[in-house]
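These notes are about the structure you will find just below.
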Amino acid sequence: MKMQKKYAALIFIFLIAFFVGWSQEYKFQHITTVDGLSHNEVRRIVKDSHGFLWFGTQNGLNRYDGYRFKIFKNIPGDSTTIIGDKIYSLTATEDKLWIGTITGLSVLNTTTLEVIPTLNIQNAIGENSVLQLFCDGSNKVWLSTENENFVIDSESLEIVPILKGYRIASVAKGFDNSYWVGTDKGLVRFDYDSATIIKNYDIGSLAVYGLDEIFTNSYGEVWITLGDKILRYQSERDRFIEVKRSKSLNAISENIEGDIFFGSYGNGLLKYTRDTGVFESLLANPENHLSISSNDVYDVFVDNENIIWVGTQEGLDYYDYSRHRFNSLVHLPGNKNSLRSSFVQTMFQDRDGTFWVGTREGIDCVDFENGYSNPKITHLDMGSKGFESLNNDYVTSIYRDSKDRMWIATMNNGLYLIDEKYNIFKQFLQNDSEVTSIASSSVRAILEDHLGRMWFGTGGGLSLLIEQNETNYSFENLGYSKLNTNSLPLNDVYSVFEDSKHRIWIGMNRGGVSLLQEKGGSKNFLRFNHNPSDPKSISNDEVFVIYEDVKKRVWFGTSAAGLNLLKEDGRSDINDGYYFQSYTEIDGLSDNEVNAILEDNEGDLWVATNTGFSEFNANTETFTNYSTYDGVLKGKFRKNARWSTKDGTLFFGGAAGINYFNPNNFKFNKIIPEPVFLDLLIDGKVIEFGQLLDDSIIISEQLSSGSFVRLPGKDNRFQIEFTSLSFASPFRNKYAFKLEGLDEGWRYTTGKDPSARYSKLKAGSYRFYLKASNNDGVWNEKPIYLDIVVRANFMDKNIVKIGIAVLFLMSLIFGMLAFKKHKSRVQSKEINPKIKKSHKPIDPNLEVENLEKIKELNLLMDMDKVYLDSELGLAQLAEKIEVSTNHLSLLLNDYIGKNFYDYINHYRVEEVKKRLKDPNYQKQTLSSIGGDCGFNSKSAFNRIFKNLTGKTPSEYQSMPTARD
């Protein structure tokens, strides 16, 4: 009995480990009220016919476009708003969203976003709770209240009762056009055309107030969640069998691979894998921010991009495969099967496939024998080898040579040799009294050349191992000499590399790169250093990374000036014909500090930088950048901490652990995005269709391709917000736009700012075009457009301009005559006239120009919020409106009555006041709010805020109702 309990415990532990391992495969992002969601309890998820996602919560309806939420709520007494805020059911038909609430039904036009009057439907169902809505893809909508059931024609809105005497909890459509209807009297198979019940299935009652669900998948299978049971239909026996038990099961959805996800109220998410037939649990884990938010799941929805959306008690979760292409190994406190330190400096894969990982605190061995998702990590105890210090050393490089000797380099404790064949365990330290000792105890790089010679890059130069026999070793040291221009330029060596032509390259910190030249027993170095006046010189003298690709191209990574490709010109005598072509941030590299380089099976280079990975296609000379947004670890990567396996998996180590991935396994998004116009804004305010501005209607219908926009002459600046309705890594989507009649070519932006802004448009007709690409660069080449007309301002008409000029000229003539007359009169009365201060006459043209600049300045504040930049100065602001600093000071003093700092601080304080009133910022500290609003110190923030409001920020925040 004790033995059985022991085995049961072991099995339980294994299952827990297995489930945790599976949960790491599905890493969820989270959306809550902080991100704009109206309520964290998300009950229902649906996608409309235009491609927008809708979330029904316990406090409002939310439309999501990938970047922003548009919230719909009930306003008492306003029939144009939805009927209630507690939403229990949702379904979508062509151009309509059906919203079931606790107080009745609303139907929303998803094009105009207006509530459609449905008096006949309201008369039929009254104010009863709508507990179930279902649309089968045709124009029929099934609706159920507690005691009645209806089918509604989605086009005519005609409503008819159905299945009287039954309380319907759920409906699904089968492949044979019959319906599966879950009722309080069991499961019913129903033929709609004949209005007859084909068969009753005695599986138990489906609760109308419960979470029971029926689902038919792409294979024609019927699945049911019924209380704590999952049932599946056996068509060959015409019966349902129980296949799984869990807690309070509910929602069902299917991904592209045919796997099925089940929601559970109390037990998280269940996944059924079609290939294996295995059910796996996915539970909330407070210690893992990438687990689902809550074990209380209400709804699961998989969209056409294979993104899994989960509505929970504590917010909206989603798994976006495109953001999790990079696996990781990190240090987890208390977990022995994790790295001993997240600071990884080097990696080496041994002949048996084991990875030796050098960290700042010793060495780990990582075994992927059970697959990349289930690594086994061992913390090596080097004390058994007599190297106790290695258990805490900063390990910089590890290498097993052709003689089966293991070499371990450290940053401060020299070089270690483990030769188990001859039972040799040695440590090499720099000794000033021994010329043949290693050049430095700081060893950074190890190289075995094609002749079997061992080279070591150190902080004191380059060391070549001299072997008298298996037990006697010494070093020939090559370093910097003032007397020899053919020596190394510096001793601080970080990389030693031999290319396919057997050339040995040495990369140094601030010493550039050198090429070893051996002739007649002598060893000299050809130096390559950065020359600011020579664009073909290496771009920087901090060279830490050297790499050769399969096309025999040699690449050099610098610490501050990007990537360099070695070029050769046999006709030149300068530097033996060698020169360099550089690639930097200007060319698309994510960051100019190159930490490691590897090549994938497609011939693309993967460059690890301080901000992530840059995938470089050397043929097209284009970069694709990946960051923490895509699942890359935080923290900079370490120099040369990289490895590539035979199967194409790439490993990169850094300050946060190890990222590893196989680009061959990347699932690319091939779905063509559909660009959509969202809102037109003028001076930062959304213009609704039918809204009057300057006594005229700007847009007469909801924005869509082909819409017509009429702008008044004096309000001709505008902003257009848009989206592509592609939810896979939406911030990586790209947009191309142009205003025909103004822009000569396409302008580009990304999902970080999906909008376009224009100002100072002249009167005339324009057409605004928009295209979009998804996160993997698939473009929709059919642009949508808006026609825009800017009406002429009355003051812009030529006849008016001529009239003003004539009047101005006449006024000037009469003024001069009057002045002469007055002057002669004064001279005749007074021999010594008093001298008065003269007032500078105002140039009307300059006055108009100044007023335009003031408008432009205020627009920068209201729309672009440039005051949020704590580094903003008078010169930068002047540059933005294209005036001199003196001119800007004049504008601020003469037209606004404030100096630069008072003007900017006024906006900053107003922004702080808004955020202190906004519940979305309640969890943010006062200091961080001040910093985000442009104040660069806590003391300045408190002082300026109190000067302008009379209260400190904390006093203002604690007011019962903060008022401006």
Side-chain angles (χ1 to χ4, degrees), residues 445 447 457 489 493-517 525-626 637 639-642 644 650 652 663:
L447 168 70
V493 176
Y494 270 84
S495 55
V496 186
F497 182 83
E498 183 181 36
D499 65 22
S500 57
K501 296 180 180 179
H502 304 316
R503 297 174 298 192
I504 295 178
W505 301 89
I506 298 92
M508 288 153 286
N509 182 18
R510 293 179 294 177
V513 66
S514 293
L515 175 62
L516 175 65
Q517 295 181 317
F525 296 91
L526 180 62
R527 301 176 179 179
F528 301 91
N529 294 100
H530 174 61
N531 182 351
S533 63
D534 182 5
K536 291 188 176 183
S537 69
I538 196 157
S539 59
N540 182 262
D541 282 336
E542 297 178 1
V543 180
F544 293 88
V545 180
I546 309 174
Y547 186 79
E548 184 178 33
D549 64 24
V550 294
K551 293 185 176 179
K552 314 301 182 187
R553 295 174 294 197
V554 181
W555 302 84
F556 299 87
T558 73
S559 186
L563 189 64
N564 289 256
L565 172 61
L566 180 69
K567 297 274 191 172
E568 298 182 54
D569 183 0
R571 296 171 296 179
S572 173
D573 293 329
I574 301 174
N575 287 333
D576 285 3
Y578 295 119
Y579 65 98
F580 300 88
Q581 179 180 350
S582 65
Y583 301 88
T584 66
E585 292 176 15
I586 296 174
D587 305 295
L589 186 65
S590 63
D591 183 78
N592 279 337
E593 183 162 354
V594 175
N595 298 314
I597 305 170
L598 285 175
E599 184 178 16
D600 65 22
N601 291 341
E602 298 297 320
D604 286 356
L605 295 182
W606 288 80
V607 183
T609 72
N610 283 354
T611 60
F613 296 119
S614 288
E615 182 185 8
F616 180 56
N617 186 317
N619 296 324
T620 60
E621 296 188 320
T622 56
F623 289 91
T624 302
N625 296 320
Y626 300 89
F637 288 98
K639 301 294 187 291
N640 295 305
R642 82 287 183 276
S644 176
L650 310 181
F652 292 90

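The distance from atom CD1 of I506 to atom CG of L447, rounded to the nearest 0.5 Å, is 9.0 Å. Separating the NZ atom in K536 from the OG atom in S582 is a distance of 12.0 Å, to the nearest 0.5 Å. To the nearest 0.5 Å, the span separating OH on Y494 from CG on N640 amounts to 11.0 Å.
Looking at every heavy atom in both residues, V493 comes nearest to V496 through CG1-CG2, 3.9 Å. In plain terms, the two heavy atoms of Y583 and L589 that are nearest each other are O-CD2, 3.8 Å. Pairing each heavy atom of A445 with each of S495, the nearest pair is CB-CA, 3.9 Å. Minimum heavy-atom separation, G511 to P489: O-CG, 3.2 Å. Between S539 and T558, the shortest heavy-atom contact is OG-CG2, 3.8 Å.
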Could you walk me through whether D499 and K552 satisfy the side-chain contact (heavy atoms from CB on, under 4.5 Å) test, starting with their C-alpha distance in whole Å, then the side-chain angles of each, then the deciding distance to 0.1 Å, before giving a yes or no? CA-CA 8 Å; D499 65 22; K552 314 301 182 187; over 6 Å; no

Apply ring pair (Phe, Tyr, Trp, His ring centres under 6.0 Å) to the pair F613 and F637, showing each step before the final yes or no. CA-CA 9 Å; F613 296 119; F637 288 98; 4.7 Å; yes

Check the pair S644 / E599 against side chain to side chain donor-acceptor pair (under 3.5 Å), numbers first and verdict last. CA-CA 8 Å; S644 176; E599 184 178 16; over 6 Å; no

Just do the side-chain contact (heavy atoms from CB on, under 4.5 Å) check on W505 and L566 with the steps written out, would you? CA-CA 11 Å; W505 301 89; L566 180 69; 3.5 Å; yes

Stepwise side chain to side chain donor-acceptor pair (under 3.5 Å) check, Q517 with D576: CA-CA 11 Å; Q517 295 181 317; D576 285 3; 3.1 Å; yes

For L605 and Y547: C-alpha separation, side-chain torsions, deciding distance, then whether side-chain contact (heavy atoms from CB on, under 4.5 Å) applies. CA-CA 10 Å; L605 295 182; Y547 186 79; 4.1 Å; yes

For L563 and F556, run side-chain contact (heavy atoms from CB on, under 4.5 Å): C-alpha distance rounded to whole Å, both residues' side-chain angles, the deciding distance at 0.1 Å, then the answer. CA-CA 6 Å; L563 189 64; F556 299 87; over 6 Å; no

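Of the listed residues (D541, I538, N540), just one forms a side-chain contact (heavy atoms from CB on, under 4.5 Å) with N529, and that residue is D541. The residue from N610, T609, I586, T584 that alone fulfils the side-chain contact (heavy atoms from CB on, under 4.5 Å) condition with N592 is T584.
For the residue pair E615 / N625, no side-chain donor-acceptor distance below 3.5 Å is found, with atom types taken as modelled. No side-chain donor-acceptor contact under 3.5 Å links S590 and E585. Neither side chain, N564 nor W555, offers a donor N or O lying under 3.5 Å from an acceptor on the other.
Relative orientation of the Y626 and W606 rings is parallel, given thresholds of 30° and 60° on the angle between their planes.
Between the S537 side chain and the H530 main chain, no donor and acceptor come within less than 3.5 Å of each other. N575 contributes no side-chain N or O that, together with a main-chain N or O of G577, makes up a donor-acceptor pair within less than 3.5 Å.
Q581 places a side-chain heavy atom less than 4.5 Å from the side chain of E621. With contacts defined as side-chain heavy-atom distances shorter than 4.5 Å, the pair I546/E498 does not qualify. For the pair L515/R503, a side-chain contact is recorded, criterion being any heavy-atom separation below 4.5 Å from C-beta on.
Between E593 and K639 there is a salt bridge, since a side-chain N of the basic residue sits under 4.0 Å from a carboxylate O of the acidic one. Electrostatic pairing of R553 and E568 does not count as a salt bridge here, judged by no charged N lying under 4.0 Å from a carboxylate O.
Ring centers of F528 and F580: under 6.0 Å apart, within the cut-off.
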